[in-house]
Q: 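Please read through the structure below; I'll follow up with questions.
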Amino acid sequence: MSYAVIKTGGKQYKVKSGEILKIEKLPDSKPDSKIEFNEILAYGDDKTIEIGTPTVQGAKVEADLIKNGKDRTILIFKKRRRHNSRRKNGHRQEHTMIRINKIFSKDGKVLSEAEKIVKPTKKVEAEVKEKAKATSK
């Protein structure tokens with residue numbers, strides 16, 4: 001199984017194709033759009049690895065942006081005792097959910113590719129429900 005180490009948002013992530021990740025919010029990003037990560041620090045599989053100095057030139061990772069969102073609220077509460085002083089603050093970190101599609105090597109060859117997601121249509125769901133009713137009778 002091939003993997004790559006990418007750098008985005010000041011953090012490093014080890015990614016595999018088909019994996020869903022929560023990363024720092026990407027500026028000017030819209031849902032259902034394609035994203036390319038060009039800062040690849042390393043890539044490889046179980047037997048071989050290619051390490052960059054500091055990045056591997058020509059290697060890239062393609063991903064689909066699933067959605068932008070916010071994390072749960074984190075409360076910050078500060079109190080100074082015996083001074084009748086307290087402060088309550090909240091923070092919600094913004095994030096982007098992505099799905100890794102392809103990992104490319106430095107010569108442009110596809111190392112690994114994610115399987116396509118097949119969404120069932122309403123017609124298929126209705127047929128499945130009808131079969132379930134018929135078998136339960």
Q: For residues S112 and S17, is any side-chain donor paired with an opposing acceptor at under 3.5 Å?
A: yes

Q: Of all heavy-atom pairs between L41 and P54, which one has the smallest distance, and what is that distance?
A: CD2-O, 3.4 Å

Q: Quick one: do L111 and D45 satisfy side-chain contact (heavy atoms from CB on, under 4.5 Å)? Show the steps, please.
A: CA-CA 9 Å; L111 290 177; D45 55 15; over 6 Å; no

Q: How does the hydrophobic cluster around F104 look, that is, which other residues are in it when side-chain heavy atoms under 4.5 Å mark a link?
A: V110

Q: Please report the closest heavy-atom contact between K106 and Y43, naming both atoms and the distance.
A: N-OH, 3.3 Å

Q: Would F37 and V5 show up in the same hydrophobic cluster when neighbours are defined by side-chain heavy atoms closer than 4.5 Å?
A: no

Q: Among I23, N38, V61, T55, which one satisfies side chain to side chain contact (heavy atoms under 4.5 Å, CB included) with I6?
A: V61

Q: Indicate the atoms forming the closest heavy-atom contact of I103 with S2, along with that distance.
A: CD1-O, 4.1 Å

Q: Any side-chain donor-acceptor pair under 3.5 Å between T48 and E50?
A: no

Q: Carefully, step by step, assess Q93 and I74 under the rule side-chain contact (heavy atoms from CB on, under 4.5 Å).
A: CA-CA 9 Å; Q93 184 68 33; I74 298 171; over 6 Å; no

Q: Would the number of heavy atoms belonging to other residues, nucleotides or ligands and lying under 6.0 Å from CD of E36 be above 12?
A: yes

Q: Of all heavy-atom pairs between L65 and K30, which one has the smallest distance, and what is that distance?
A: CD2-O, 3.5 Å

Q: Heavy-atom distance under 4.5 Å between the side chains of L75 and K88, does that happen here?
A: yes

Q: Would a distance-only check, ignoring hydrogens and angles, find a side-chain to backbone donor-acceptor pair under 3.5 Å from T96 to L26?
A: yes

Q: Scan residues 74-83 for pairs that pass side-chain hydrogen bond (donor to acceptor under 3.5 Å, both in side chains), counting only residues two or more places apart or in two chains.
A: R80-S85

Q: For E19 and R99, what are the C-alpha separation, side-chain angles and deciding distance, and is it a salt bridge (Lys or Arg N to Asp or Glu O under 4.0 Å)?
A: CA-CA 6 Å; E19 194 174 47; R99 181 175 188 268; over 6 Å; no

Q: Would you kindly confirm whether I35 and I66 end up in one hydrophobic cluster when ILVMFWY residues are joined by side chain heavy atoms under 4.5 Å apart?
A: no

Q: Report the C-alpha distance between D64 and I98 in whole Å, list the side-chain angles of each, state the deciding distance to 0.1 Å, and finish with yes or no for side-chain contact (heavy atoms from CB on, under 4.5 Å).
A: CA-CA 6 Å; D64 281 334; I98 60 169; over 6 Å; no

Q: From R92 CZ over to E94 CD, what is the distance, rounded to the nearest 0.5 angstrom?
A: 9.5 Å

Q: Write down the atom of I40, the atom of A4, and the distance for their closest heavy-atom approach.
A: CG2-CB, 4.4 Å

Q: Could you tell me if H95 and D71 have a donor-acceptor pair between their side chains, going purely by distance under 3.5 Å?
A: yes

Q: So E24 and K11, do their side chains get closer than 4.5 Å, heavy atoms only?
A: yes

Q: Which heavy atom in S29 sits nearest to a heavy atom in N68, and how many Å separate them?
A: O-ND2, 3.1 Å

Q: Should the heavy atoms of other residues, nucleotides or ligands under 6.0 Å from CG of N84 be counted, would the total exceed 12?
A: no

Q: Is NZ or CZ of K16 both nearer than 6.0 Å to the six-membered ring centre of Y3 and within 45° of the ring axis?
A: no

Q: To the nearest 0.5 Å, how far apart are OG1 in T73 and NE2 in H91?
A: 9.5 Å

Q: Between CE of M97 and NZ of K25, what distance do you get to the nearest 0.5 Å?
A: 14.5 Å

